[in-house]
Amino acid sequence: MGQVKFIAPQEAAALLKDGDTITTSGFVASCIPEALNKAVEQRFLETGHPRDLTYIYAGSQGNRDGRGGEHYAHKGMLKRFIAGHWATVPALGEMAMRNEMEAYNVSQGALCHLFRDIAAHKPGTITKVGLGTFIDPRNGGGKVNAVTTEDIVELLTIHGQEYLFYPAFPIQVALLRGTYADERGNITLEKEVASLEATSVAQAVKNSGGIVVVQVEGVVQAGTLDPRLVKIPGIYVDYIVVAEPEEHEQSLGCRYDPALCGERRAPQAEPTPLPLTAKKIIGRRGAMELEPGVAVNLGVGAPEYVASVASEEGIGDRMTLTVEGGPVGGIPQGGARFGASLNPEAILDQGYQFDFYDGGGLDQAYLGLAECDARGNINVSRFGPKIAGCGGFINITQNTPKVFFCGTFTTGGLKVRVEDGQVHIDQEGRQKKFLGQVEQVTFSGDMAVKNGQQVSYLTERCVFVLRPDGLHLTEIAPGIDLQRDILDQMEFSPIIDLVDGRLPLMDPRIFTDAPMGLGDGA
């Protein structure tokens with residue numbers, strides 16, 4: 001206690017040694033210690049050091065513009081990169097594709113829990129999350145490229161059941177982000193959109209004998225911080241850097257919004273009805289599945305329309321939306337602010353949120369549909385040279401009782417028109433989504449059947465349901481031709497469920513501009 005030092009970003013960068021294992025904080029473009037990341041990059045460009053780093057973080061850290069994790073995207077700087085999500089750091093993905101470093105993509109939730117287990121000096125993290133997916137060692141173990149050969153995920157059998165095991169390892173340096181520090185090094189995070197795994201990371205690095213550096217916006221007198229807001233006690237902290245405001249944005253490129261961290265509550269705007277597009281059709285079909293009092297996770301893209309439709313229909317209060325980064329309640333944000341919620345009811349540490357997800361606490365989940373095959377497998381994580389990453393997708397989809405995959409039937413130039421209650425495909429998409437085989441299994445249909453999950457696939461022209469014998473086509477939109485618009489646009493033949501010799505139509509209310517009356521008990 002009392003030994004914390006206040007230093008400049010350049011001094012912090014000088015603490016990193018060649019070959020260190022390091023971690024940084026952040027979730028997409030929020031909670032990023034930009035001054036520290038920038039200083040480490042500057043030192044490498046000027047001196048060639050530190051080099052051969054192992055870089056690990058749980059979620060996604062970047063804005064696709066050279067900031068965040070992309071400060072480390074230099075040949076020789078990284079020996080190995082381990083992350084849950086890659087989409088916001090394309091420069092690191094390009095390095096991996098050039099085989100310029102070892103690279104892994106594994107479960108975001110497992111990495112959050114691994115930090116906690118490293119802190120406790122446990123042998124590692126044991127989980128069922130990822131069995132049957134590309135993280136399973138039998139399917140590649142999360143390895144991204146040819147130069148990556150070491151297994152960082154192992155298969156275990158305990159009491160006759162299979163688990164994945166992530167062995168623990170020491171971490172030498174943490175570069176974290178907080179709001180205020182006091183003179184004794186205690187750190188609060190009250191202006192951050194989420195506390196993420198900051199406490200666990202600081203504990204893990206401190207108990208590894210490493211160095212914890214925290215970037216803050218200001219320093220206050222010892223004893224003046226509310227102890228209930230201190231997420232990183234001074235006993236975990238070695239160094240503090242006070243950042244310039246432009247390097248300490250709440251979210252990169254965004255103005256500070258107190259309604260994202262609970263400091264204030266923003267007024268609720270009246271919902272503006274969205275035009276009847278393909279994604280709104282999907283959102284409407286998804287909203288029809290909402291049950292009173294459900295806890296829900298929504299993915300980005302088409303799944304977001306479920307919340308928009310629910311608001312239009314006056315049933316937004318039927319569900320409590322959650323975000324894997326920690327927010328519970330409120331309105332999840334998109335873009336650079338993905339991971340935050342407007343007017344949240346609670347903000348949990350990310351590890352606790354994943355405890356809830358992994359244990360099946362969610363009632364329903366609506367996630368994206370990028371590629372699907374006849375066994376109901378979904379790929380959202382890898383597309384040729386593009387590494388999107390799984391993030392928390394596997395944690396959410398593998399353990400939620402009711403899962404809805406939402407997306408247009410094809411993609412790339414698709415043009416859909418709704419007229420007179422019927423769907424018209426004016427231009428088909430260039431890429432099919434329902435394939436003979438997905439490139440990578442991010443969601444395992446076989447595991448879902450084994451676990452007894454209810455899984456549906458919602459598109460603008462039809463609905464599929466997963467059953468033990470495969471994918472069943474159960475509903476078709478009015479105006480859609482079964483052969484031309486569905487079967488000819490697939491690389492496999494689904495099982496078609498006929499009722500009285502016909503394929504049932506999707507609810508006609510979906511295809512009119514009038515409200516559907518979901519709030520009327522209909």
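Every heavy atom of this structure was used, including side-chain atoms; hydrogens, water molecules and symmetry mates were not.
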So, [X] side chain and [Y] main chain: donor-acceptor pair closer than 3.5 Å or not?
X      : Y      : result
Thr88  : Val28  : no
Thr148 : Glu102 : no
Tyr236 : Val201 : no
Tyr180 : Leu225 : no
Asn139 : Phe134 : no
Asn186 : Pro233 : no
Gln333 : Ile331 : yes
Thr442 : Val380 : yes
Gln250 : Asp257 : yes
Asn451 : Gln453 : no

Check: Would Val216 and Val242 satisfy side-chain contact (heavy atoms from CB on, under 4.5 Å), going step by step from the backbone distance to the final call?
Finding: CA-CA 5 Å; Val216 297; Val242 179; 4.2 Å; yes
How many angstroms lie between [atom1] in [X] and [atom2] in [Y], if you round to the nearest 0.5 Å?
X      : Y      : atom1 : atom2 : result
Ile32  : Leu176 : CD1   : CG    : 11.5 Å
Ile82  : Ile152 : CD1   : CD1   : 4.0 Å
His159 : Gln161 : NE2   : CD    : 9.5 Å
Asn37  : Glu247 : CG    : CD    : 10.0 Å
Asn379 : Gln440 : CG    : CD    : 6.0 Å
Glu217 : Thr188 : CD    : OG1   : 8.5 Å

Hey, are [X] and [Y] close enough for a salt bridge, meaning a charged N less than 4.0 Å from a carboxylate O?
X      : Y      : answer
Arg67  : Glu249 : yes
Lys206 : Asp238 : yes
Glu439 : Lys386 : no
Lys231 : Asp349 : yes
Arg80  : Glu150 : yes
Asp182 : Arg184 : no
Lys433 : Asp373 : no
Glu263 : Lys191 : no

Next item on the list: Can you establish whether the number of heavy atoms outside Lys79 located under 6.0 Å from its atom NZ is more than 12?
Entry: no
Notebook entry, point to check: Does NZ in Lys38 sit with more than 12 non-hydrogen atoms of other residues, nucleotides or ligands closer than 6.0 Å?
Noted result: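 Check fails, neighbour count at 12 or below.
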Where do [X] and [Y] come nearest, in terms of heavy atoms and distance?
X      : Y      : result
Asn145 : Met101 : ND2-O, 2.9 Å
Pro401 : Asp363 : CD-O, 3.9 Å
Ser25  : Pro33  : O-CD, 3.2 Å
Pro303 : Gly368 : CG-N, 3.8 Å
Ala198 : Ile232 : CB-CD1, 4.0 Å
Leu164 : Asp136 : CD2-CA, 4.3 Å

Examine [X] together with [Y] and report whether their ring centres are nearer than 6.0 Å.
X      : Y      : answer
Tyr72  : Tyr57  : no
Phe165 : Tyr163 : no
Tyr239 : Phe6   : no

Notebook entry, point to check: Of Phe404, Phe443, Phe405, Tyr366, which meets ring-ring contact (aromatic ring centres under 6.0 Å, His included) against Tyr457?
Noted result: Phe405
Determine whether [X] and [Y] make a side-chain contact, defined as any pair of heavy atoms from C-beta on separated by less than 4.5 Å.
X      : Y      : result
Val173 : Leu15  : no
Leu78  : Leu92  : yes
Leu260 : Leu342 : yes
Val40  : Leu175 : yes

Check: Passes side-chain contact (heavy atoms from CB on, under 4.5 Å), Thr24 versus Leu36? Steps please.
Finding: CA-CA 9 Å; Thr24 57; Leu36 296 176; over 6 Å; no
Notebook entry, point to check: salt bridge (Lys or Arg N to Asp or Glu O under 4.0 Å) between Asp151 and Lys143: does it pass, once the steps are laid out?
Noted result: CA-CA 8 Å; Asp151 290 328; Lys143 301 181 186 72; 2.4 Å; yes
Are side-chain N/O atoms of [X] and [Y] paired as donor and acceptor at under 3.5 Å?
X      : Y      : answer
Asp355 : His113 : yes
His85  : Gln61  : no
Arg51  : His74  : no
Asn395 : Ser107 : yes
Thr157 : Glu162 : no

Note to self: Let's go through Leu114 and Phe169 carefully: what are the C-alpha distance in whole Å and the side-chain angles of both, what is the deciding distance for side-chain contact (heavy atoms from CB on, under 4.5 Å) to 0.1 Å, and is it a yes or a no?
What the structure shows: CA-CA 9 Å; Leu114 181 61; Phe169 50 84; 4.0 Å; yes
Next item on the list: Could you list the residues that satisfy side chain to side chain donor-acceptor pair (under 3.5 Å) with Gln350, not counting sequence neighbours?
Entry: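 Residues passing side chain to side chain donor-acceptor pair (under 3.5 Å) with Gln350: Gln108, Glu197.
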Item checked: Val213 vs Val241, side-chain contact (heavy atoms from CB on, under 4.5 Å): CA-CA, chis, key distance, verdict -> CA-CA 7 Å; Val213 185; Val241 170; 4.2 Å; yes
Next item on the list: Apply ring-ring contact (aromatic ring centres under 6.0 Å, His included) to Tyr104 and list each qualifying residue two or more places apart in sequence or on a separate chain.
Entry: none
Next item on the list: Could you give me the CA-CA distance, side-chain angles and deciding distance for Gln215 and His248, then say whether side-chain hydrogen bond (donor to acceptor under 3.5 Å, both in side chains) is met?
Entry: CA-CA 8 Å; Gln215 170 184 317; His248 201 83; 2.9 Å; yes
Next item on the list: Could you tell me how the ring of Phe338 sits relative to the ring of Phe27: parallel (under 30°), tilted (30 to 60°) or perpendicular (over 60°)?
Entry: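 The arrangement is tilted - the two ring planes meet at 30° to 60°.
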Next item on the list: Take Thr322 and Tyr357, measure what side-chain hydrogen bond (donor to acceptor under 3.5 Å, both in side chains) needs, and give me the verdict at the end.
Entry: CA-CA 10 Å; Thr322 69; Tyr357 288 0; 2.6 Å; yes
